[in-house]
Every structure is written in structure tokens, then in C-alpha cells.
Amino acid sequence: MSPGASPLGRVVVLGYGNQGEAHARNLRDGGEQVSVAARPGRTAERRALAHGFTVAAPAKALRNADTLAVLLPDEVVPEMWPELASAAGATRAFVFAHGFNLLYGSLAFPADAAVVLVSPTGPGRVIRELYERGEGVPAYLAVHQAGRADAWALAAHYATALGSARARLLRTTVREETEVDLFGEQAVLCGGMNALVSAAYGTLVREGYTPEIAYLECVHQLHFLAELLHARGVAGLRRGISGTALYGDLTRGPRVVNETSRAAMREMLAEIRSGAFAREWLAEVAAGKPELTRLLEQADADPIEAGRRRALGDENPA
Ligand SMILES: NC(=O)c1ccc[n+]([C@@H]2O[C@H](COP(=O)([O-])OP(=O)(O)OC[C@H]3O[C@@H](n4cnc5c(N)ncnc54)[C@H](OP(=O)(O)O)[C@@H]3O)[C@@H](O)[C@H]2O)c1
């Protein structure tokens, strides 16, 4: 496809991190005309230059964007937006990879610009690796503002260039993507999983079991089960484990995740839906993240980290 024929025109990828690098490289390999906006003298700029991109500071790069992919950390966008939006005055399309700032951020866009969500369901490393193998990760598409373009077609074109049409494109809304994404990471993928392995490990070690064995059993092996879950689903996983494990799963699992846990999940979801979680997080960012820093220090001191070092040595330090 020639760049002139693409509905995206000149694409500027703002932020060359987890998502930005994969988006920029996949789109370029798909025939799009891509450049990168990054802060001078930092890692993102160095990496983008090493990958052969034309790189400029945001204030300059955004002036040349027909399509701007906003791939900065969500929490830095609201404060930077007035400056970014004025630099991107001629931009016809804005692409976001998560709806957080579209739902909560009060960002202003030119009325005739298309503002879309193309949210791949995986980290950038996987998006790039699968793309290079001729595969892709599924992506959610949503239209925040139609503008003058065919915004759905534009989002689908971007997602296809990213490689996601090789897997699946799912239409949704900004609200659904944002609320489900936040809930998933809080209840399962990050919050729930980390709290669960830490509690299980602590239970064993407090009862006198060997830390490295507790670690290998409650944390390290999760990888293999997660792979099975990914490949075969819950019912398939249950048919891939021993009878003893299956009996323990079905009779003891509901004791760990019980009505109290489900009530906590409903409460977390309500905080997401009311915007209370987003307000709390953005206030924490504005205050310089004191609570996040304190909680991370506390979490890093959890005995599970010592268990990991004992079980695995210092491979893959945090
Ligand atoms: N991570 C995921 O797996 C994932 C999955 C789906 C969607 N998303 C979404 O993708 C978007 C990007 O997330 P990400 O995880 O890719 O971000 P990221 O890797 O944390 O950061 C992207 C880049 O932003 C730059 N940056 C950080 N603070 C900045 C600032 N104040 N001003 C200018 N540049 C700054 C950093 O480069 P320098 O510090 O080197 O300048 C960094 O490389 C978000 O909307 C996120 O929700 C992420």
C-alpha cells in the first residue's frame, strides 16, 4: 500500500515505550508512513532512532501528524494535553490504545477530527513478536468522536496495520473497554493474582515450609497453568490436571474466592464506574505519587521476594 493511499496519512507515534515501539514498527512494516515523537535525550528517542525512525520532540513532530497515536503513560496525558493539542492543530485523527483519558480525562479535540480507540489485548513485545510471525493479538475498536472521517474504517485500518485483524477485531465502546480493562487488571491480572500468590506463599512459610519450595509451588508454576488456561480455557485446564488437583480445585477454590471476595469485586467495579478510582489515581499522580511509592516499598519488602531469590537465584531481578 502506498502511503498516499492510506486513510491514516502521515502517522506520528507519540511515546516509544511498551506500545509505541510495537505500533510504530508494525505500522511501518505494513506500509504506513510513520515517524516518532519523543522527549530529547531519553531512552525512547534513542530506541526509535536505533530502529531507523525520524524522531522529533513532540512540539515539532505533532505539527506533521495527519494521524496521531497517543501512546504515553495514561497518567501523564491530561496535564500535557493543552500543549499537545495545540501542536497537533492540523491532525485529522487521534488514536488511543486505552480509553482511560477518553472517559475520564476531559481532553478537548477539534470537532472535525476522528478520535478512536484501538486497544490491542497484549503487551507491545507480544504484539511485535506475533506480527513478525505473521500473527496478531486481538484488538478492541471504539469511536469516541466521529469527526469528518469514517472513524470505524480508520480504526479498523490502523488495527489491521498493527496485525490485529489476523486475530480478531471487536467493536466496543470507550466506556466498556476502559471499565473492563481496569477491572480485569485490578481483580485478576495484577491485583488479584499478586495478592493471591503472596497470601498463599506467606501461609506456607509462616507454617514452617521451605521458602524456595513454597515459591516454586505457589508462584513459579503459575506460568504453566496460565499457558494451559490461555490455550484451552477453564474447562480445558480442568481436563489437563490430575484428579487430585481437580478435586482440590472444585472443592477448595470457592473457599478462597467466596462471597466476601465477590462483594469486594462489586465494590471495585462500582468505584471504576463512578469515576472514583480514576479521580483517586489522578490526584495521587498530581501529589507526586506518595502513596504509590509507600505501597511499592512495602510490597518489595514482602518475604515473597526473598523466596524468589532463594528459589531462582538473582535471575531476572525486578
Ligand atoms: N503496556 C501495555 O501492555 C498496554 C496494553 C494495551 C494498551 N496500553 C496503553 O498504551 C498506552 C501507552 O502505554 P505504554 O505502557 O506503552 O506506556 P509506557 O511504555 O509506560 O510509556 C511510553 C513512553 O512515554 C514516554 N514518557 C513517559 N512520561 C512522559 C512524559 N511525561 N512526557 C513525554 N513522554 C513521556 C516514555 O519515554 P521516555 O521516558 O524515554 O521519554 C515511554 O517510553 C497507554 O494508553 C496504555 O494504557 C498499554
Side-chain angles (χ1 to χ4, degrees), residues 11-27 35-51 53 55-62 65 68-85 87-88 94-105 107 115-131 136-142 144 155 158-159 162-164 167-170 172 174-186 188-190 193 272 277-278 281-282 285-286 288-289 292:
V11 180
V12 173
V13 171
L14 172 60
Y16 199 78
N18 188 316
Q19 290 289 312
E21 177 175 328
H23 288 227
R25 297 179 81 185
N26 289 10
L27 261 65
S35 63
V36 170
R39 297 186 285 192
R42 299 189 53 113
T43 311
E45 182 195 50
R46 278 196 297 281
R47 280 188 71 81
L49 286 170
H51 291 145
F53 286 102
V55 186
K60 182 169 175 226
L62 268 54
L68 177 63
V70 182
L71 298 173
L72 297 173
D74 295 309
E75 65 272 22
V76 308
V77 173
E79 201 188 325
M80 295 173 68
W81 193 250
E83 199 184 322
L84 294 173
F94 295 84
V95 179
F96 286 74
H98 179 30
F100 188 94
N101 282 307
L102 300 176
L103 189 59
Y104 305 119
L107 310 185
V115 183
V116 300
L117 178 71
V118 177
S119 179
T121 57
R125 179 183 50 77
V126 176
I127 294 170
R128 182 62 187 164
E129 275 173 22
L130 290 187
Y131 185 90
V137 301
Y140 307 124
L141 310 185
H144 178 66
Y158 186 101
L162 195 58
S164 290
R168 190 155 182 217
L169 305 184
L170 273 166
T172 181
V174 166
R175 177 172 292 281
E176 182 176 55
E177 185 277 337
T178 307
E179 293 178 351
V180 173
D181 183 88
L182 291 175
F183 181 77
E185 68 197 14
Q186 291 176 16
V188 185
L189 305 174
C190 307
M193 178 179 69
I272 291 168
F277 171 77
W281 170 224
L282 292 175
V285 172
K289 305 185 194 165
L292 183 69

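Each ligand, and each atom within it, is numbered from 1 in the order the structure gives.
- Within ligand 1, counting atoms from 1 as listed, the ones closer than 4.0 Å to a heavy atom of Y16 are 43 (O).
- The closest protein non-hydrogen atom to atom 15 (O) of ligand 1 is N18 CB, 3.5 Å.
- Not close to ligand 1: R46, with no non-hydrogen atom less than 4.0 angstrom away.
- The closest protein non-hydrogen atom to atom 44 (C) of ligand 1 is D74 OD1, 3.3 Å.
- At least one heavy atom of P120 lies less than 4.0 angstrom from ligand 1.
- For atom 4 (C) of ligand 1, the nearest non-hydrogen atom of the protein is Q19 NE2, 3.2 Å.
- Between S119 and ligand 1 there is no heavy-atom distance shorter than 4.0 Å.
- Residue A97 approaches ligand 1 through these ligand atoms, each under 4.0 Å from one of its heavy atoms: 7 (C), 9 (C), 10 (O).
- Among all protein heavy atoms, the one lying closest to atom 22 (C) of ligand 1 is L71 O, 3.5 Å.
- In this structure, of G41, A139, P73, the residue bringing a heavy atom nearest to atom 20 (O) of ligand 1 is P73.
- Summarising the local packing, OH of Y140 is surrounded by 12 or fewer heavy atoms from other residues, nucleotides or ligands at distances under 6.0 Å.
- Of the candidates E79, E45, R39, R42, it is R39 that places a heavy atom closest to atom 26 (N) of ligand 1.
- The T43 neighbourhood of ligand 1 comprises atoms 40 (O), with distances under 4.0 Å to a heavy atom of that residue.
- Listed by number with element, the atoms of ligand 1 under 4.0 Å from a non-hydrogen atom of A44 are 37 (O), 38 (P), 40 (O), 43 (O).
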